[in-house]
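Chain A is the first sequence line, chain B the second, and so forth, proteins listed ahead of strands; every chain is numbered from 1.
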Amino acid sequence: MPREYASEENARVADLLDEIGDLLELKGENVFRAVTYRAAAREIRDLREPIRTIYEAGHLATIPKVGTSVGEAIAQYLQGGKARRHEELKAAVPEGLLTLLRVKGVGPATARSIHQHLRITTIDELEQAAKSGRLRELPKIQAKTEENILKSIASLRQRTGRSLIDYARTAADRMVAHLREAADVRELSVCGSVRRWKETIGDVDLLVASDTAAPIMAAFTGAANVDRILAQGDTKSSVIVERGLQIDLRVVPAASWGAALLYFTGSKEHNVRLRGYALRKKLLLNEYGLYRVGEEKGGVPVASRTEEDIYQALGMDWIPPELREDHGEIDAALAHALPALVTVDDLKGDLHVHSDWTDGRDTLAAMVRRARDKGYAYVAMTDHSVGLGMTNGLNLERIAKRSKEIAKLNQELAPFRVLVGTEVEIRADGRLDYPDDVLAGFEIVTASIHSAFNQPREQITQRLVGAIRHPLVTAISHPTGRLLERRDPYDVDLDAVIDAAVATGTRLEVNGGPERLDLPDWAVRKAVEKGATLVIDSDAHAVEELEWTVYGTATARRGWATADRVGNTRGLDAVLARKVR
DNA sequence: GCCGTTTTCGGCCCGACTGTTTTCAGTCG
């Protein structure tokens, strides 16, 4: 998972609790105990303030799933860097068993057995044992299992991590197109984390409604880009395609379409909460429908055909997939109080676009024309400032030349408006990369950090807050600096950043670049709650990248943002309105 | 280990696929 927590300490505490969960299961203790530790880990990962703050206020018990034992482990860890429960378990469970769990197909029971009989504690040893045929001497393991373990180890080494959303969606779309062409499908949808627009994707899930599954399964596993077939059944198959991406396919009868779509879209936590709520109403929800308890075998479901039917039967409004994380959406749906989320069609313009004047790949005219063809009313050309040498940042002379080119385009394309903008670097010492008299010549200024990421929290925060308070700065771009799967965010006090943005009217960007998606969704939610104004931009460096606002919009939606919280859903007057001093 | 409109004990979401089994445990999502 990418690092995107309220603090790195939250991540470490969550990792600790997850590991306690794994160790409990390896030791063979009650699995629900392990489940609880993992559930608590997720809660802490989702917290929007530092766990240490909560702990110091004596409010640990307000976190769901944190009771006496979990709370004690957290407190001990925060005090001394260790938790007694964790240390005891590590002493009781052979070192290295945790590592074996990373191999797909090896769970706690298999790991225990492998260690018990062969004293294996590393993936290398496991590989050796499988190759030499020693694994098959164990109970319940034969040649086939050995082979699967070897394949899993190979793909474990090949995989570097989760896929970025644009790659996963492209792979999903390609398989969808192939299936539509190759077989008779009544309904076909992407589900899982792709449908929820998660920022990174583990596996791609596809769902088909059809009366005859066999030809669809054949088309799926026979697709040209399939590297390896993991499983192939009557209604469920899994394959690996390029770059180690896994795609799962389920086929269901049309009558179950809504229930299956709901189930396979997830999230797991949303489903668990939904099913728990259903049970309290004496209803059972599975991937085939919503049934009265006891009637799930052969009975007629209360609802099943569409997601809307099922939510309605539970007394809820339909919940957009982006919100299905058990982050309060079920209560909101019951109260008919779900937000009307911002859509990509709400955007009137893009305020962060580059051209080949600096590090873009297409000409300014090409970027502008494509923006106009998208139906926008305006676009801001925000090439880099002079200090970013590697991007060929603009000096005074080139600023003037570019402005002339923009003036010409404005004449030609009116009423479409091209804004003379800059993405100005916030230097390591906190000063902006242009003096105020130069900045005043731009119609729009977005400020951001591309250097000195390793400064301490106070210093980074001060750089950003200083830029936010600058009267000529319109917006802050990619406020956390993260690169998904590549670089952690810099250490910044986002509360201070958001508070300053609210106080001054400075916009905070939701950058749509698939590698950034910055602000992250949880920070969007925080900004929305505090009353900040966002802008959703593409940060495009080529014409096709102007489409990236779709990912930024999805991130904003995941953060519960409505159109009135997003500045570029309005006309240019609103965008350029004077800041509060 | 946690939790409560089936409340302080007894549940905890639910089902498909695989590989090894003569009926199911383990794993996964």
Of all the choices, [options], which nucleotide is nearest to the side chain of [X] once you look at every atom?
X	options	result
A/V272	B/dG1, B/dC13, B/dA16	B/dC13
A/N148	B/dG1, B/dT6, B/dG19	B/dG19
A/S69	B/dC2, B/dC12, B/dC14	B/dC2
A/V70	B/dG1, B/dT6, B/dC17	B/dG1
A/T68	B/dG1, B/dT20, B/dC2	B/dC2
A/L279	B/dC2, B/dC12, B/dA16	B/dC12

Could you classify B/dT20 for me, syn or anti, using a glycosidic angle within 90° of 0 as syn?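 Classified anti.
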
May I ask you to evaluate whether [X] reaches the phosphate of [N], defined as a side-chain N or O under 4.0 Å from OP1 or OP2?
X	N	value
A/Y288	B/dA16	yes
A/T145	B/dT20	yes
A/T235	B/dC17	yes

Please output the side-chain donor-acceptor pairs of residues 174-186 of chain A that fall under 3.5 Å, not counting sequence neighbours, one pair per line with the distance.
unit_1	atom_1	unit_2	atom_2	d
A/H178	NE2	A/A219	O	2.9
A/R186	NH1	A/D211	OD2	3.3

On the ring face of A/F264, is A/R250 found with NZ or CZ under 6.0 Å from the centre and within 45° of the axis? no

Within residues 123-133 of chain A, find the residues that approach DNA chain B with a heavy atom at under 4.0 Å, and present them sorted by residue number. none

Rounding to an integer number of Å, can you tell me how far A/K27 NZ sits from B/dG1 C1'? 14 Å

I need a per-nucleotide contact map over nucleotides 21-29 of chain B, read 5' to 3'. Cutoff is protein heavy atoms under 4.0 Å; write B for the base, S for backbone only, - otherwise. ----SSSSB

B/dT23 versus B/dG19 - spacing of their C1' atoms, nearest Å: 14 Å

